[in-house]
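Here's the structure we're looking at; comments come further down.
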Amino acid sequence: MTSINPTCVDCGLNTCEQVDGQRPAFCPTNGFSLEENAQLKALLDEDQNRRIIQSAAHSAHVGHRQKLSHLEETILFAEGIGAKKIGIAACISLAAEARAATRVMRKRGFEVVGAICKAGCITFGDLAVPFDERGADAVLCNPIYQAQLLNEEETDLNVVIGLCAGHDALFLKHADAPCTILAVKDFKFDHNSVRALRYGDESGILERLLEE
Ligand code: SF4
C-alpha cells in the first residue's frame with residue numbers, strides 16, 4: 001500500500017470545532033500563521049463571500065435546529081444572500097423535481113430560470129465520443145451549455161439538481177454565479193448518496209468496495 005501523509009480525512013478527532021481543542025500533529029490549523037489567518041479573514045470579509053458565509057451559517061444552524069429539509073435550507077440560504085434570480089441546473093431524469101423546486105421558489109418571490117442537461121442536443125456522434133448501446137445519435141448531457149445558459153441569464157445563485165458525477169464537475173467549473181447542490185444523483189438509493197457511505201447499510205456496498 002502507498003504511504004500517505006495524513007490529512008483531515010484521516011483525523012477522526014475533528015476537534016477543530018473547538019478553538020482550544022487538542023489537535024493531531026498533522027492538523028493544518030497548527031501551521032496556520034497569523035499572516036495566513038489575516039489573509040483568510042480578509043478574503044472571507046469580501047462582499048459576496050461575507051454574504052454567503054453569514055447566510056450559510058444562519059441557514060445551516062436553523063436547518064439543524066429545526067430539522068429543515070435541504071430544500072427549505074436552500075431557500076433560507078438564497079434569501080439570506082439577497083438572491084433575486086435563481087438558475088436551476090437539472091438532470092433530465094429529475095425534471096419533475098426541478099419543476100417542483102421552481103414552483104416553490106417562484107412562490108417565495110424568486111425569479112427562476114432553468115437549464116436541463118440535454119439542452120443543445122449535441123450527440124455522441126457530434127463529438128466523436130465513443131458511444132454505447134445508445135448509439136451515435138443519442139444526445140449527450142451538456143453541462144457547459146447549462147452553465148452558459150445560466151451565465152447569460154446573470155443568475156445570482158445556481159441550484160444544482162441531480163447532475164451526474166462528472167457533469168456536475170463541468171457545470172461547477174463553468175458557472176459564473178455561486179452554486180449550491182440541492183440534490184445529488186444516486187441511481188440506486190433514490191438520490192440519497194450518503195447511504196452507500198454508511199457502514200452496516202443493508203446494501204453492503206461500502207463493505208464490498210473495501211474488500212475488493
Ligand atoms: S482541522 Fe485538524 S482537528 Fe479538524 S479534522 Fe483536520 S486535522 Fe482534525
Heavy atoms from other residues, nucleotides or ligands near CG of Leu43 exceed 12 (cutoff 6.0 Å):
yes
Can a salt bridge be assigned to the pair Asp156 and Lys84 using a cut-off of 4.0 Å between side-chain N and carboxylate O?
no
Given 3.5 Å as the limit, does a donor-acceptor pair link the side chain of Glu36 with the main chain of Ser33, or not?
yes
Check: Asn37 side chain, Leu34 main-chain N or O, donor-acceptor pair, under 3.5 Å
no
For Phe110 and Ala78, work out which heavy atoms get closest and say how close.
CZ-CB, 3.7 Å
Single-linkage hydrophobic cluster Val104~Leu182, side-chain heavy atoms < 4.5 angstrom
yes
Under 3.5 Å, side chain of Thr15 to main-chain N/O of Gln22, donor-acceptor pair present?
yes
d(Ile181 CD1, Ile161 CD1) to nearest 0.5 Å is 10.5 Å
Does this structure show an ion pair linking Arg50 with Glu46, if we count only N-O contacts that are shorter than 4.0 Å?
no
Would you check, one step at a time, whether the test side chain to side chain contact (heavy atoms under 4.5 Å, CB included) holds for Arg23 with Asn30?
CA-CA 8 Å; Arg23 304 186 215 291; Asn30 297 336; 3.8 Å; yes
May I ask you to say whether Arg134 pairs ionically with Asp132, meaning some side-chain N is under 4.0 Å from a carboxylate O?
yes
Should Asp10 and Thr7 count as side-chain neighbours, where that means a heavy-atom distance under 4.5 Å?
yes
Kindly compute the distance separating CG (Leu44) from CD (Gln54), expressed to the nearest 0.5 Å.
10.5 Å
Looking only at non-hydrogen atoms, find the nearest pair between Ala177 and Asn151 and report the distance.
N-OD1, 4.4 Å
Give the minimum heavy-atom separation between His191 and Val184, together with the two atoms involved.
CB-O, 3.2 Å
Measure from the side-chain N and O atoms of Lys85 to the backbone N and O of Glu153, and report whether any donor-acceptor pair falls under 3.5 Å.
yes
Distance check, rounded to the nearest 0.5 Å: Ile81 atom CD1 versus Ile52 atom CD1?
5.5 Å
What is the distance from atom CG of Asp190 to atom CZ of Arg195, rounded to the nearest 0.5 Å?
10.0 Å
Let me check something: do Leu150 and Ile116 share a hydrophobic cluster, defined by ILVMFWY side-chain heavy atoms less than 4.5 Å apart, either directly or through other members?
no
If we only count heavy atoms from C-beta on, is the Leu68 to Leu76 side-chain gap below 4.5 Å?
yes
Return the OG1 to CG distance between Thr155 and Asn158, rounded to the nearest 0.5 Å.
3.5 Å
Do Ile88 and Met105 have side-chain heavy atoms sitting under 4.5 Å apart?
yes
When you compare the side chain of Leu40 with that of Phe32, does any pair of heavy atoms fall below 4.5 Å?
yes
Are Asp45 and Lys41 close enough for a salt bridge, meaning some N to O gap below 4.0 Å?
no
Given side chains that start at C-beta, do those of Ile144 and Phe171 come closer than 4.5 Å, heavy atoms only?
no
Consider only side-chain N and O atoms of Glu72 and Ser69, and report whether a donor and an acceptor are under 3.5 Å apart.
yes
Heavy-atom closest pair (Ile92 atom, Cys117 atom, distance to 0.1 Å) is N-SG, 3.2 Å
Contact check, side chains of Gln146 and Leu163, non-hydrogen atoms, under 4.5 Å
yes
How close do Leu170 and Pro143 get, heavy atom to heavy atom, and via which atoms?
CB-CG, 3.7 Å
Only one of Arg65, His64, His58 clears side chain to side chain contact (heavy atoms under 4.5 Å, CB included) with His61; which?
Arg65
Would one find more than 12 heavy atoms of other residues, nucleotides or ligands at under 6.0 Å from atom NE2 of His70?
yes
Hydrophobic cluster membership, Val139 vs Val129, 4.5 Å side-chain cutoff
no
Any chance you could lay out the side chain to side chain contact (heavy atoms under 4.5 Å, CB included) test for Phe26 and Cys8, step after step, and finish with the verdict?
CA-CA 8 Å; Phe26 59 81; Cys8 289; over 6 Å; no
Which pair of non-hydrogen atoms, one from Leu149 and one from Ala119, has the smallest distance, and what is that distance?
CD1-CB, 4.1 Å
Dump the intermediate steps for side chain to side chain contact (heavy atoms under 4.5 Å, CB included) on Phe77 and Val62, then the final yes or no.
CA-CA 10 Å; Phe77 167 68; Val62 173; over 6 Å; no
Can you find a heavy atom in the side chain of Asp201 that is under 4.5 Å from one in the side chain of Phe189?
yes
Is the CD atom of Glu154 crowded by more than 12 outside heavy atoms at less than 6.0 Å?
no
Tell me whether Thr102 contacts the main-chain N or O of Ala98 through its side chain, where contact means a donor paired with an acceptor under 3.5 Å.
yes
Hey, what do you get for CG (Leu157) to SG (Cys179), rounding to the nearest 0.5 Å?
7.5 Å
Going through the checks in order, is the side chain to side chain contact (heavy atoms under 4.5 Å, CB included) test met by Gln148 and His174?
CA-CA 7 Å; Gln148 287 175 344; His174 289 273; over 6 Å; no
Heavy atoms, side chains only, cut-off 4.5 Å: are Glu111 and Ile86 in contact?
no
Taking Asp168 for its side chain and Gly166 for its backbone only, find out whether a donor-acceptor pair lies under 3.5 Å.
yes
